[in-house]
Amino acid sequence: FGVALNADRALPLVTLDAGVIASGRVEDTSGNRIDGVDLDFINSFSGTKQFTPHDNSDQNGDYAVTVRAGTYDVTFDPPDGSGLAPRRLEGIVLASDHSLPDVVHPPGFAVSGRVTDSASSPIAGVDLDFIDRATGLEIYTPHDDTDLAGAYSVTVPAGTGLVEAEEARHASERVAV
């Protein structure tokens, strides 16, 4: 809640909802536990991200995050430069404290580039989707929108086969990789 602080002030009563604890472990394909994986809990129905302070895995790859009861898509983003692909678990129902399955991060490959218009001007805000050619499903790639210079950089697992670029004012494009 927002409060203007320009003098001494008593704040209103703050009531916190009861929470449930989602816990688990993150590791790579060799079984090495991963420190610093950032977890986010997004309501599966509304798309609203739950506020979750202290939501990173510890040096043992373990995490315990308190959220409101609900159904979530849980994202697991390894630290930048780790060479590991991000993961997402969808439709996780949390009605009470729950231990999630171990999440294994496969090796990832850096994919970067620029998106421009026909006049070679950069296009900001282009949404890039990476599609697994074998399944036709979208691969979870956080931070996959172009910046002001039209640049992007993501990490994807092996097997990604198509890239789709979409922006409201320009024609969409699909590129095989």
Side-chain angles (χ1 to χ4, degrees), residues 1 14-113 126-147 151-166 177:
F1 54 90
V14 175
T15 304
L16 300 177
D17 294 335
V20 297
I21 298 173
S23 61
R25 174 173 294 147
V26 291
E27 55 190 36
D28 65 17
T29 54
S30 297
N32 298 311
R33 296 174 182 177
I34 309 167
D35 183 14
V37 173
D38 179 45
L39 284 77
D40 287 317
F41 290 75
I42 297 119
N43 184 291
S44 294
F45 304 108
S46 70
T48 304
K49 181 179 165 188
Q50 178 79 46
F51 175 63
T52 54
H54 315 292
D55 63 355
N56 289 6
S57 62
D58 65 17
Q59 67 272 9
N60 296 315
D62 297 324
Y63 62 87
V65 181
T66 302
V67 296
R68 291 180 179 90
T71 303
Y72 295 96
D73 297 336
V74 184
T75 62
F76 299 80
D77 300 334
D80 289 340
S82 68
L84 298 171
R87 296 288 313 274
R88 175 176 56 202
L89 300 179
E90 296 181 346
I92 302 298
V93 177
L94 297 172
S96 61
D97 293 355
H98 188 74
S99 180
L100 301 179
D102 288 353
V103 173
V104 178
H105 289 269
F109 300 93
V111 177
S112 61
V126 175
D127 178 38
L128 297 162
D129 293 327
F130 292 79
I131 310 298
D132 185 317
R133 186 176 290 198
T135 65
L137 298 175
E138 183 179 334
I139 302 295
Y140 171 62
T141 52
H143 319 296
D144 62 357
D145 291 352
T146 58
D147 62 17
Y152 63 90
S153 178
V154 297
T155 303
V156 297
T160 303
L162 297 171
V163 179
E164 296 178 343
E166 183 177 336
V177 290

Subject >> Full working for side-chain contact (heavy atoms from CB on, under 4.5 Å) between Leu89 and Val103 >> reply: CA-CA 9 Å; Leu89 300 179; Val103 173; 3.9 Å; yes
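Evaluation of the salt bridge (charged side-chain N to carboxylate O under 4.0 Å, His left out) test over residues 76-86, restricted to residues two or more places apart or in two chains, returns none. For the salt bridge (charged side-chain N to carboxylate O under 4.0 Å, His left out) condition, the pairs that include at least one residue of residues 14-24, sequence neighbours left out, are Asp17-Arg68. For residues 41-64, the pairs satisfying ring-ring contact (aromatic ring centres under 6.0 Å, His included) are Phe41-Tyr72, Tyr63-Phe76, with sequence neighbours left out. Pairs passing the salt bridge (charged side-chain N to carboxylate O under 4.0 Å, His left out) check and including a residue from residues 90-109, sequence neighbours excluded, read Arg88-Glu90. For residues 51-63, the set of pairs meeting the salt bridge (charged side-chain N to carboxylate O under 4.0 Å, His left out) definition, not counting sequence neighbours, comprises Arg25-Asp62.
Considering only residues two or more places apart in sequence or on other chains, Ser30 meets the side-chain contact (heavy atoms from CB on, under 4.5 Å) condition with Asp28, Asn32. Shown here are the side chain to side chain donor-acceptor pair (under 3.5 Å) partners of Thr141, two or more places apart in sequence or in another chain: Asp144. When the side chain to side chain donor-acceptor pair (under 3.5 Å) test is applied to Ser99, no partner is found at least two apart in sequence or on another chain. For the side chain to side chain donor-acceptor pair (under 3.5 Å) test, no residue two or more places apart in sequence or in another chain qualifies with Thr71. With sequence neighbours left out, the side-chain contact (heavy atoms from CB on, under 4.5 Å) criterion links Ser96 to no other residue. Not counting sequence neighbours, the partners of His98 by the side-chain contact (heavy atoms from CB on, under 4.5 Å) test are Leu94, Leu100. Take Ala64 and apply the side-chain contact (heavy atoms from CB on, under 4.5 Å) test, not counting sequence neighbours, and it matches Ile21, Ser23.
Looking at Arg87 and Pro157, their side chains never come closer than 4.5 Å, going by heavy atoms from C-beta outward. Using a 4.5 Å heavy-atom threshold, the side chains of Pro79 and Ile34 count as touching.
Summarising the geometry, atom CG belonging to Asp40 is positioned 4.0 Å from atom OG1 belonging to Thr75; distances are rounded to the nearest 0.5 Å. A distance of 11.0 Å separates CG in Asp35 from OG in Ser82, rounded to the nearest 0.5 Å. The CG atom of Leu128 sits 7.0 Å away from atom CG of Asp145, with the distance rounded to the nearest 0.5 Å. The OG1 atom of Thr155 sits 8.5 Å away from atom CG of Leu84, with the distance rounded to the nearest 0.5 Å.
The shortest heavy-atom contact between Ser46 and Asn43 is N-OD1, 2.9 Å. The two residues Ser44 and Asp73 make their nearest non-hydrogen contact at OG-OD1, 3.0 Å.
Of the possible donor and acceptor atoms, none in the side chain of His105 sits under 3.5 Å from a partner among the backbone N and O of Glu27.
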